[in-house]
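Everything numeric in this text was worked out from a predicted model, so none of it was measured.
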Amino acid sequence: MFAAERRQLILEMVRANGAVSLRELARVVQTSEVTVRRDVRALEAEGLLDRRHGGAVLPGGFTRESGFPQKSHLATAEKTAIADLAAGFVEEGEAIVVGAGTTTQELARRLARVPGLTVVTNSLLVAQALAHANRVEVVMTGGTLRGSNYALVGSGAEQSLQGLRVSRAFLSGSGLTAERGLSTSNMLSASVDRALVQAAAEVVVLADHTKLGTDTMFQTVPTDVITRLVTDEPPAHDDRAATELQALADQGVQIAVAGASGNSVGGDSVPPRQARRDVALPGPRRGAVPGAGTGLRSAAVLGEQTPGTERARVADMRRR
């Protein structure tokens, strides 16, 4: 494929999806990420797209929302790894909320194996994934169906969440930054996500590396409310993604990285079903020790995933 053909195809993919990772672009145009990165730089110089952490987005600073068919084919391997790891944080008999999204749908498929679980959701796809699970109770919100992502939104959904209290909320979104937290491109979705957060004692964000550093229109979860981020390992050349992860950790967010090499862990955030080497625990989540420095602490960890999945190595980073 000639350079002009590659760049035209790259541009069409970004226009259709709003945001596409370098990995996905390289796979589709059948070339290396190095070549794709060079093409993206050339297209950015022409003002046709913007570069982001490990990918490309529509120009203008704020990405638009992609439809479900487009999202379901983006970063599929990363979403699978994230879902495998996130499922390990859920214990038998818990009550949780799970928001809408393709990554949370992958999580729901794995939660079907957790007995005694109660899942509250506004996502038809999450409910469908759990519909035939034994000993898993699914509670759906009310609301108006939003066809682009099969989610229930509006005042009916928000009112049905009033007075609810669960242990954890698992949410996805369109972008995540240390400065602004989790955000999405749709006002109705953002409003329901905020109601889901209000119902939970802890908030776990599921976001692949292409969303790191991406900012979208409506904030859903401020950074200081996020308990934990579950993400995938950014490409080795993606310094900006690593910088964003460090900035999130510096603000007290626990970082769990699926499929990382040189795995690391900080604190007690290794999933219950993970086998781990004992490590010294860091201090409280919100800098309780005056003058204490920040940074990522590390120790080797090797996780044993649930049956049917690959043996994965897990990194979990946390502020001292």
Closest approach of [X] to [Y] (non-hydrogen atoms, all atoms of both residues):
X: Leu248; Y: Ala178; answer: CD2-CA, 3.6 Å
X: Phe89; Y: Ala256; answer: CZ-CB, 4.1 Å
X: Ser174; Y: Thr184; answer: OG-OG1, 3.6 Å
X: Thr141; Y: Ala157; answer: OG1-CB, 3.9 Å
X: Val192; Y: Gly154; answer: CG2-N, 3.9 Å
X: Ala83; Y: Leu107; answer: CB-N, 3.6 Å

For [X], check side chain to side chain donor-acceptor pair (under 3.5 Å) against everything at least two apart and list the hits.
X: Thr103; result: none
X: Thr118; result: none
X: Thr144; result: none
X: Ser191; result: Glu158

| Between Thr102 and Lys79: side-chain donor-acceptor atoms closer than 3.5 Å | yes
| said: Is it the case that the side chains of Thr31 and Arg6 hold a donor-acceptor pair, with the cut-off being a distance below 3.5 Å and no angle test? | reply: no
| Met187-Met217 co-clustered via ILVMFWY side chain contacts under 4.5 Å | yes
| note | Applying salt bridge (Lys or Arg N to Asp or Glu O under 4.0 Å) to Arg23 and not counting sequence neighbours gives Glu78, Asp232
| message | Which residues pass the salt bridge (Lys or Arg N to Asp or Glu O under 4.0 Å) test with Glu44, not counting sequence neighbours? | response | Arg51
Going by heavy atoms in the side chains, are [X] and [Y] under 4.5 Å from each other?
X: Ser167; Y: Glu94; result: yes
X: His209; Y: Leu176; result: no
X: Thr220; Y: Leu171; result: no
X: Val90; Y: Phe170; result: yes
X: Glu179; Y: Thr223; result: no
X: Leu49; Y: Val40; result: yes
X: Asp208; Y: Ile82; result: yes
X: Val136; Y: Leu111; result: no

| message | One pair to check against side chain to side chain contact (heavy atoms under 4.5 Å, CB included): Thr227 and Gln254. What are the steps and the verdict? | response | CA-CA 6 Å; Thr227 308; Gln254 299 171 30; 4.2 Å; yes
Which value, rounded to the nearest 0.5 Å, describes the distance between [X] atom [atom1] and [Y] atom [atom2]?
X: Asp39; Y: Gln8; atom1: CG; atom2: CD; value: 12.0 Å
X: Glu24; Y: Ile10; atom1: CD; atom2: CD1; value: 12.0 Å
X: Leu229; Y: Ile255; atom1: CG; atom2: CD1; value: 4.5 Å
X: Thr231; Y: Glu244; atom1: OG1; atom2: CD; value: 11.0 Å
X: Thr104; Y: Arg109; atom1: OG1; atom2: CZ; value: 10.5 Å
X: Leu245; Y: Glu233; atom1: CG; atom2: CD; value: 10.0 Å

| request: For residues 194-207, pull every pair meeting side-chain hydrogen bond (donor to acceptor under 3.5 Å, both in side chains), keeping only residues two or more places apart or in separate chains. | output: Arg168-Glu202
Residues in side chain to side chain contact (heavy atoms under 4.5 Å, CB included) with [X], at least two apart?
X: Leu188; result: Val153, Asn186
X: Gln159; result: Ser155, Gln162
X: Ser183; result: Arg180, Asp215, Thr216
X: Arg135; result: Pro115

| message | Quick one, Ser32 with Arg37, criterion side chain to side chain contact (heavy atoms under 4.5 Å, CB included). Give me CA distance, side-chain angles, the key distance, then yes/no. | response | CA-CA 9 Å; Ser32 67; Arg37 194 178 306 111; over 6 Å; no
Per-pair distances, 0.1 Å, donor-acceptor, side chain in residues 121-130, under 3.5 Å, sequence neighbours excluded:
| from | atom 1 | to | atom 2 | distance (Å) |
| --- | --- | --- | --- | --- |
| Thr121 | OG1 | Val98 | O | 2.7 |
| Thr121 | OG1 | Ser123 | N | 3.0 |
| Asn122 | ND2 | Leu152 | O | 3.0 |
| Ser123 | OG | Leu125 | N | 3.3 |
| Ser123 | OG | Val126 | N | 3.1 |

